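Down below is the structure, laid out as structure tokens.
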Amino acid sequence: MVVHRSRTHWVPFLALFSFCLPAARAADLDPAVLEGSYRAILGLWAQSDPRAVDELIKFESSVISDLDPRTRESLHKAEQRVISEAAGVDLEVLVPLSILHQEAYRHYTIHGGTGAAQVATHDRTLALDLALLYKKHVDTPAASVLASHLIGRLASVSSDLFQAAKLFQLASEADPKNGAAQLGLATVFEKSGNYVDAVDVLQRMRANDPATPAKYPEATLRLAICLARLDRGTEATKLLAPLAQAPPSPWIGLLAAEELGRVEQEARHPERAEKVLRAALERYPGSARLTLQLASALDARGAQQEARTVLDRLAEIGADAQDDSRYRYNRFSQELFDDADRVVEPAGRQRLALLASSLSPAAALPAAQEGVAR
């Protein structure tokens with residue numbers, strides 16, 4: 001049930017928007033013009049008009065200047081007033097509003113642009129704060145789960161590892177069962193060489209949800225590789241062997257076989273490494289990396305002539321243009337986007353009608369009931 005706020009509750013709600021920006025200092029732009037332009041863009045978004053994101057990008061980038069922080073402050077205050085009025089009618093509108101600013105931020109992370117630093121930061125901060133406000137003031141288990149996916153979706157498109165780690169951490173705190181957020185956080189730790197914290201997150205992820213190994217095989221691969229980097233080869237081997245023998249996907253199976261072969265050889269078991277690598281080459285005959293590893297394992301067990309024979313095959317193999325496994329491993333997984341999108345996109349669409357209603361002139365009249373949206 002939706003219970004509307006009265007107009008008298010709008011001002012206290014406005015105070016809840018603590019974005020940590022100083023007061024605008026003699027802004028040159030007319031607040032009424034800024035509010036009107038932003039309200040029109042929200043109207044497009046509420047009608048599922050594909051122009052909304054492009055119009056928001058053009059509007060905000062025309063206002064905000066990296067050379068003058070007052071421009072961002074002026075825009076922030078104008079957008080805040082419009083958002084506060086809409087959320088004063090129904091807090092559920094915070095969801096599609098967060099998504100709108102996420103889409104603008106996604107544009108900047110992909111396309112960049114001269115003078116875009118402040119406006120990109122503005123959209124990322126606003127998208128995050130709207131998600132946090134939704135969690136705090138709707139305050140239901142379902143709202144916490146949705147807020148977690150909103151924040152995780154934002155983290156997935158972040159171009160800054162520090163910001164991504166912060167966002168994935170917030171998403172995990174909002175919903176400890178959000179496996180995609182935890183996988184994202186562990187990926188950030190691993191990419192920065194923090195294998196201890198990466199292992200901690202991935203082990204906690206598996207403890208929170210027994211279905212993790214099947215749902216997120218990449219999490220098992222990353223856990224195994226981090227354990228191997230910490231010289232915990234026995235534990236790593238137990239995780240890598242099933243992935244190499246029955247790969248859930250080709251790229252995971254290939255990396256698991258490569259890492260398993262490396263762990264076995266570093267443990268001075270070249271015969272075990274040879275067995276793993278020969279089996280893997282039957283599945284991935286065009287892998288130059290596996291071929292080199294096999295030659296190394298053969299050499300380590302004293303079969304130098306056979307090792308040279310294997311190396312001779314490299315001239316025929318060449319580079320495998322289809323092998324993007326290392327490239328995929330070194331980037332945030334597409335599953336992080338997909339997992340969040342499956343939750344966030346329909347939730348946003350379902351609330352667009354509420355956003356449209358909250359922007360109508362009738363919504364500005366005092367409501368008969370007080371309270372917050374539930």
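The structure presented is a predicted model; accordingly, all values stated were derived computationally and were not measured.
Ionic pairing of R232 and E235 is present here: one or more N-O contacts between side-chain nitrogen and carboxylate oxygen are shorter than 4.0 angstrom. Ionic pairing of E274 and R278 is present here: one or more N-O contacts between side-chain nitrogen and carboxylate oxygen are shorter than 4.0 angstrom. We find that R153 and E103 are joined by a salt bridge, their nearest charged nitrogen and carboxylate oxygen being less than 4.0 Å apart. A salt bridge between D200 and R204 is present, with a side-chain N of the basic residue lying under 4.0 Å from a carboxylate O of the acidic one. Between K58 and E55, at least one side-chain nitrogen of the basic residue sits less than 4.0 Å from a carboxylate oxygen of the acidic one, meeting the salt-bridge criterion. With respect to E271 and K275, no salt bridge is recorded, no charged nitrogen being found less than 4.0 Å from a carboxylate O.
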Pair F332, F168 - check ring pair (Phe, Tyr, Trp, His ring centres under 6.0 Å), show working.
CA-CA 12 Å; F332 286 131; F168 280 128; 5.6 Å; yes
Carefully, step by step, assess V157 and F337 under the rule side-chain contact (heavy atoms from CB on, under 4.5 Å).
CA-CA 8 Å; V157 299; F337 296 91; 3.2 Å; yes
Yes or no on salt bridge (Lys or Arg N to Asp or Glu O under 4.0 Å) for K77 and E35, after CA distance, side-chain angles and deciding distance?
CA-CA 9 Å; K77 286 185 174 293; E35 290 177 34; over 6 Å; no
Applying side-chain contact (heavy atoms from CB on, under 4.5 Å) to V89 and S357, what does each step give before you reach the verdict?
CA-CA 9 Å; V89 176; S357 298; 6.0 Å; no
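Side-chain contact, R206 with Q203: no donor N or O sits under 3.5 Å from an acceptor N or O. Residues Y216 and D209 bring no donor and acceptor atom of their side chains to less than 3.5 Å of each other. Checked by atom type, the side-chain pair E92/Y134 shows a donor-acceptor distance below 3.5 Å. For the 3.5 Å distance criterion, the side chains of S296 and Q265 qualify, holding a donor opposite an acceptor.
Note on ring orientation: taking the six-membered ring where Trp is involved, the planes of H101 and Y38 are tilted (angle from 30° to 60°).
Note on residues 210-222: pairs passing salt bridge (Lys or Arg N to Asp or Glu O under 4.0 Å), not counting sequence neighbours, are E190-R222, E218-R222.
Few gaps surround NZ on K191; more than 12 heavy atoms of other groups in view lie less than 6.0 Å from it.
Although no hydrogens or angles enter the test, the distance criterion places no donor-acceptor pair under 3.5 Å between the side chain of R283 and the main chain of G253. Side-chain atoms of S158 do not come within 3.5 Å of backbone N or O of L154 as any donor-acceptor pair.
L239 and F189 fall within the same hydrophobic cluster, defined by Ile, Leu, Val, Met, Phe, Trp and Tyr side-chain heavy atoms under 4.5 Å apart, directly or through other members. No single ILVMFWY cluster, assembled from side-chain heavy atoms under 4.5 Å apart, contains both Y105 and L161. In the hydrophobic cluster analysis, where Ile, Leu, Val, Met, Phe, Trp and Tyr join through side-chain heavy atoms closer than 4.5 angstrom, V33 is grouped apart from F59.
L183 is not listed as a side-chain neighbour of T212, based on a closest heavy-atom distance of 4.5 Å or more.
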Show me, pair by pair, the donor-acceptor contacts under 3.5 angstrom made by side chains of residues 44-53, not counting sequence neighbours?
{"unit_1": "W45", "atom_1": "NE1", "unit_2": "P96", "atom_2": "O", "d": "2.9"}
{"unit_1": "D49", "atom_1": "OD1", "unit_2": "R51", "atom_2": "N", "d": "2.9"}
{"unit_1": "D49", "atom_1": "OD1", "unit_2": "R51", "atom_2": "NE", "d": "3.0"}
{"unit_1": "D49", "atom_1": "OD2", "unit_2": "R51", "atom_2": "NE", "d": "3.2"}
{"unit_1": "D49", "atom_1": "OD2", "unit_2": "R51", "atom_2": "NH2", "d": "2.7"}

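For the side chain to side chain contact (heavy atoms under 4.5 Å, CB included) test, residues two or more places apart in sequence or in another chain that qualify with S148 are A171, A174, D175, N178.
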